[in-house]
There are 2 protein chains.
Amino acid sequence: MRLSTKGRYAVTAMMDIALHQRVGPVTLADISQCQGISLSYLEQLFAKLRKGGLVEGVRGPGGGYRLARPANQISVADIIQSVDEKLDMTKCGGRGNCSQGEKCLTHQLWFELSCNLYRFLSEIKLDQYVNRPDINELVKKQDIQYGRFLNRPQAIA
Amino acid sequence: MRLSTKGRYAVTAMMDIALHQRVGPVTLADISQCQGISLSYLEQLFAKLRKGGLVEGVRGPGGGYRLARPANQISVADIIQSVDEKLDMTKCGGRGNCSQGEKCLTHQLWFELSCNLYRFLSEIKLDQYVNRPDINELVKKQDIQYGRFLNRPQAIA
DNA sequence: TAAATTCCTGACTAATTTAGTCAGGAATTA
DNA sequence: TAATTCCTGACTAAATTAGTCAGGAATTTA
């Protein structure tokens with residue numbers, strides 16, 4: 001069982017945006033450099049996040065992406081599902097027709113696993129991590145290392 | 001996030017064996033036909049399950065595979081890990097060097113998810129499902145449909 | 001209005017993983 | 001000795017993931 005980088009990248013990028021909310025929109029170029037994710041690939045992911053209603057794009061200089069709703073209303077489950085990762089572990093998509101129209105031997109097991117997983121991830125909202133001191137330490141370090149937001153008046157205020 | 005058929009097949013096959021424990025060893029040919037899994041592919045999986053110490057092979061006519069230890073001591077986590085599926089969702093394998101030698105922004109998140117997942121799956125033992133009436137119903141149906149164990153004296157006793 | 005910046009889109013390619021095939025050998029039982 | 005079944009390794013096909021590339025659209029700033 002694995003999490004593809006697709007889901008991992010999406011959550012990381014969203015976290016980056018959430019952590020810089022007060023600074024204003026965050027560019028994909030910044031996220032790309034800072035988190036080590038290909039820019040073109042990020043663009044693909046953000047097309048989905050936008051369709052999923054999680055972010056808003058702001059074009060032009062000074063633009064970037066920002067959260068479409070407050071960080072405490074965006075869960076990790078929302079993000080992962082937006083980029084097409086399923087949280088459903090059943091073979092049949094929960095329909096119960098996995099073995100010749102009937103439930104297979106392990107249907108119940110995967111179903112319960114999926115519920116557990118979904119419950120866990122949908123209870124974690126972005127703001128929980130944004131408010132953690134250890135995470136904020138990390139971000140500050142990164143920002144300095146890459147000289148982010150030096151050209152943004154808002155960032156200083 | 002997804003569970004590959006590798007893990008799903010392995011757990012299904014193990015469940016099949018556990019459910020027929022009293023009948024004796026179960027052949028891969030039977031599992032293949034009954035659960036709709038390619039025989040050659042099953043053989044690959046069982047090579048790993050054997051190396052993982054979860055099953056024992058019995059060669060020759062009347063042979064097959066049986067559990068290497070009691071069903072209440074084999075967890076779903078054991079099975080999945082035996083066939084090389086990881087339950088670790090971190091990028092770094094838990095080492096914490098995901099972002100230039102340091103923990104990445106989302107390290108903690110994936111780490112906690114992995115713990116949750118592992119805890120859940122390692123608490124589910126095969127015997128829990130073996131003792132469920134609904135599952136036993138299913139198996140009985142399957143056995144009749146495919147005429148399994150008609151040639152086994154033990155099965156009748 | 002022109003130039004710079006940034007989002008935005010779609011088509012394409014490369015790499016990896018998953019799933020499955022095939023051929024043949026080894027042990028065991030009857 | 002013949003049948004059955006495990007057991008192994010090498011190979012192939014399909015799917016998914018990850019990433020590239022080229023170019024256009026909107027917006028801001030000078």
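Quick note on labels: first sequence line is chain A, next is B, and so on, each numbered from 1. If you're wondering where the values come from, they're calculated on a predicted model, not measured in any experiment.
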Point to revise | Exam field: side chain R8(B) to backbone M89(A), donor-acceptor pair closer than 3.5 Å | key: yes
Review point. With distance as the sole test, does E85(A) use its side chain to make a donor-acceptor pair with the main-chain N or O of G7(A) at under 3.5 Å?
Key: yes
Exercise for review: Please state how far atom CZ in R148(B) lies from atom C1' in dT5(D), giving the value in whole angstrom units.
Suggested key: 15 Å
Point to revise | Whole-Å gap separating P (dG19(D)) and CD1 (I37(A)) | key: 9 Å
Study note, to complete from the structure: Residue set satisfying ring-ring contact (aromatic ring centres under 6.0 Å, His included) with H107(A), at least two apart, ordered chain then number -> none
**Study point:** Those residues of residues 85-103 of chain A lying under 4.0 Å from DNA chain C by at least one heavy atom
**Key:** none
Exercise for review: Write down the distance between CZ (R2(B)) and P (dT17(C)), rounded to a whole number of angstrom.
Suggested key: 12 Å
Practice item. Would you mind reading off the distance between L45(A) atom CG and dT16(D) atom C1', rounded to a whole angstrom? Key: 14 Å
Point to revise | Over 12 foreign heavy atoms within 6.0 Å of CD, Q145(A) | key: yes
Exercise for review: Provide, to the nearest angstrom, the distance between the OH atom belonging to Y65(B) and the P atom belonging to dA27(C).
Suggested key: 14 Å
Revision key, fill the gap. Re dA2(C): Watson-Crick or G-U wobble partner, both distances kept under 3.5 Å, found to be dT29(D)
Practice item. Name the pairing partner of dA23(C), where a pair is Watson-Crick or G-U wobble with both distances under 3.5 Å, or state none. Key: dT8(D)
Check your understanding: Looking only at heavy atoms, what is the nearest atom pair of C92(A) and C98(A), with distance?
Key -> SG-SG, 3.5 Å
Check your understanding: Are R50(A) and dT9(C) close enough that a side-chain N or O sits under 4.0 Å from OP1 or OP2?
Key -> yes
Check your understanding: Separation of R8(A) atom CZ from dT17(D) atom C1', in whole Å?
Key -> 13 Å
**Study point:** S4(B) side chain near dA19(C) phosphate (N/O to OP1/OP2, under 4.0 Å)
**Key:** yes
Check your understanding: Can you give one letter per nucleotide of nucleotides 20-30 of chain D, 5' to 3': B if a protein heavy atom sits under 4.0 Å from the base, S if only from the sugar-phosphate, - if neither?
Key -> BB---BSBB--
Practice item. Using atom types as modelled and distance alone, determine if a side-chain donor or acceptor of R132(A) lies under 3.5 Å from a backbone N or O of Y129(A). Key: no
Exercise for review: Identify, between K51(B) and K6(A), the residue whose nearest nucleotide on DNA chain D lies closer to the 5' end.
Suggested key: K51(B)
Practice item. Please state how far atom NZ in K48(B) lies from atom P in dA19(C), giving the value in whole angstrom units. Key: 11 Å
Review point. Side chains of D16(A) and Q35(A): do they bring a donor and an acceptor to under 3.5 Å?
Key: yes
**Study point:** Backbone of I37(A) reached by a side-chain donor or acceptor of S32(A) within 3.5 Å
**Key:** yes
Check your understanding: So, does N72(B) use its side chain to make a donor-acceptor pair with the main chain of K125(B) at under 3.5 Å?
Key -> no
Point to revise | Whole angstrom value for the distance that separates P of dT8(D) from CG of L42(B) | key: 15 Å
Check your understanding: Contact class for F46(B) vs. all strands (heavy atom < 4.0 Å): base, sugar-phosphate, or nothing?
Key -> nothing
Review point. Is any side-chain N or O of Y9(A) closer than 4.0 Å to OP1 or OP2 of dT17(D)?
Key: no
Exercise for review: Ignoring hydrogens and angles, tell me if any N or O in the side chain of D30(A) forms a donor-acceptor pair with the backbone of V26(A) under 3.5 Å.
Suggested key: no
